[in-house]
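Everything below concerns the one structure shown next.
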Amino acid sequence: MQDKEKAKKAKNKRALVYKPYLKGNRLDGAALKRSLRLVAYFFMFAFLFLVVGSALQFGNSFLRVLMNVLMVLVCAAIVYMDGARLGETEVAYGEIALGRKEAGKPVDEKEKERCYHPLKGVMIALWAALPVFALCLPHALTAVKQTYALQSLPKWVAGFGNQTEISAPLAYYQQNISVTSLDILHVIGRVLTFPFVNIATADNKDALLLVDRLSPLLACLPLVGFPLGYMTGPRSRAMVHGDISSSNKRVQRRQRKAIKARQARIPKKNELI
């Protein structure tokens, strides 16, 4: 029984056929351009965090943590698939470039930039992380534990404004609070780490301060998926070649069976004659 199961698994397992390819550079002009695509993903993530993240601020701790972690994993999966697609494409182009080089044709730098290198995915992710890290760094360095903030006063308090013992303490509310560039960076840092803010909750001020301190790293966390996906390029390409090879073998088997069947019919006809 176990032998049959092993044979069945071996039969269903996809064949891998690795072919040589021309290796590109780990850092080039193409890598810098592709990093801009990853930076654009952060606008989508920020919108997703604002729309979906605001709905994940419920009381059940287990579900809140689970759903917010899943949201981060979904973002990482999107970046992973983009890296896997690019890795497979560049391996395929590397195979073509190697074939041209072996045929004696020249391969210029622009063509070499489109070829696969194992560390290129890491470099693209690092370049994409730099602007996000720079935006969140001021928020991390200036973050403080949350304290009580001024709230708007009810309208009925205005009737007591003429009384000195009441108007003097309320003068604190008349302060003009201006929005600075640092405040904007604080908002950006909070938005990019919204799932982790939900996990910490606004009531847990110590945990929230820790999230703020780690915001540059937490905001860049989904980018880890890109190099992981990019490194699957050679294996994905080997699976494509394996499928082609398996398909050709099936065609050859059918042809051999057809030839044997025709050869088996010929002697029977001769015997009847």
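These numbers were taken from a predicted model, which means no experiment stands behind them.
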Show, in sequence, the C-alpha distance, side-chain angles and deciding distance for His139 and Thr193, and conclude whether the side chain to side chain donor-acceptor pair (under 3.5 Å) test is met. CA-CA 11 Å; His139 172 61; Thr193 57; 5.5 Å; no
Identify which one of Arg34, Arg114, Arg237 satisfies the salt bridge (charged side-chain N to carboxylate O under 4.0 Å, His left out) criterion when paired with Glu90.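 Between Glu90 and the candidates, salt bridge (charged side-chain N to carboxylate O under 4.0 Å, His left out) is satisfied uniquely by Arg34.
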What about Tyr116 and Tyr21, are their ring centers closer than 6.0 Å?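 Yes: the rings meet the under 6.0 Å criterion.
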Under 4.5 Å between any side-chain heavy atoms of Asn68 and Met71, yes or no?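 In contact.
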Student check: side-chain heavy atoms of Leu208 and Thr201 closer than 4.5 Å: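 In short, these two side chains do not touch, never coming nearer than 4.5 Å.
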Does atom CZ of Phe47 have more than 12 heavy-atom neighbours, drawn from other residues, nucleotides or ligands, at distances under 6.0 Å?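 Open: at most 12 neighbouring heavy atoms sit under 6.0 Å from CZ of Phe47.
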Does atom CZ (Arg213) have a neighbourhood of more than 12 heavy atoms from anything else shown, all under 6.0 Å?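 More than 12 within 6.0 Å, yes.
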For Val39 and Trp127, what are the C-alpha separation, side-chain angles and deciding distance, and is it a side-chain contact (heavy atoms from CB on, under 4.5 Å)? CA-CA 9 Å; Val39 174; Trp127 276 106; over 6 Å; no
Check step by step if side-chain contact (heavy atoms from CB on, under 4.5 Å) holds for Leu86 and Phe226. CA-CA 10 Å; Leu86 180 62; Phe226 186 84; 3.8 Å; yes
Apply the test salt bridge (Lys or Arg N to Asp or Glu O under 4.0 Å) to residues Arg235 and Glu88: give CA-CA distance (whole Å), side-chain angles for both, the deciding distance (0.1 Å), then the verdict. CA-CA 8 Å; Arg235 190 175 188 279; Glu88 184 181 348; over 6 Å; no
Using the rule given for side-chain contact (heavy atoms from CB on, under 4.5 Å), can you reason through Met67 versus Asn198, listing the C-alpha separation, both sets of side-chain angles and the distance that settles it, and then say yes or no? CA-CA 10 Å; Met67 296 303 294; Asn198 286 345; over 6 Å; no
For Lys120 and Ala31, work out which heavy atoms get closest and say how close.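 Answer, listing the atom of Lys120 first, then Ala31: CG-CB, 4.2 Å.
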Can you check side-chain contact (heavy atoms from CB on, under 4.5 Å) on Glu111 and Tyr93, steps first, answer last? CA-CA 9 Å; Glu111 291 175 323; Tyr93 196 86; 3.5 Å; yes
Classify the ring geometry between Phe42 and Phe45 as parallel (under 30°), tilted (30 to 60°) or perpendicular (over 60°).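 Ring orientation of Phe42 relative to Phe45: perpendicular.
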Should Leu182 and Val132 be counted in the same cluster of Ile, Leu, Val, Met, Phe, Trp and Tyr side chains packed under 4.5 Å apart?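 No; tracing contacts between hydrophobic side chains, which count when under 4.5 Å, never links both residues.
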Run the numbers on Ser215 and Asp212 for side chain to side chain donor-acceptor pair (under 3.5 Å), then give the verdict. CA-CA 5 Å; Ser215 58; Asp212 291 337; 5.8 Å; no
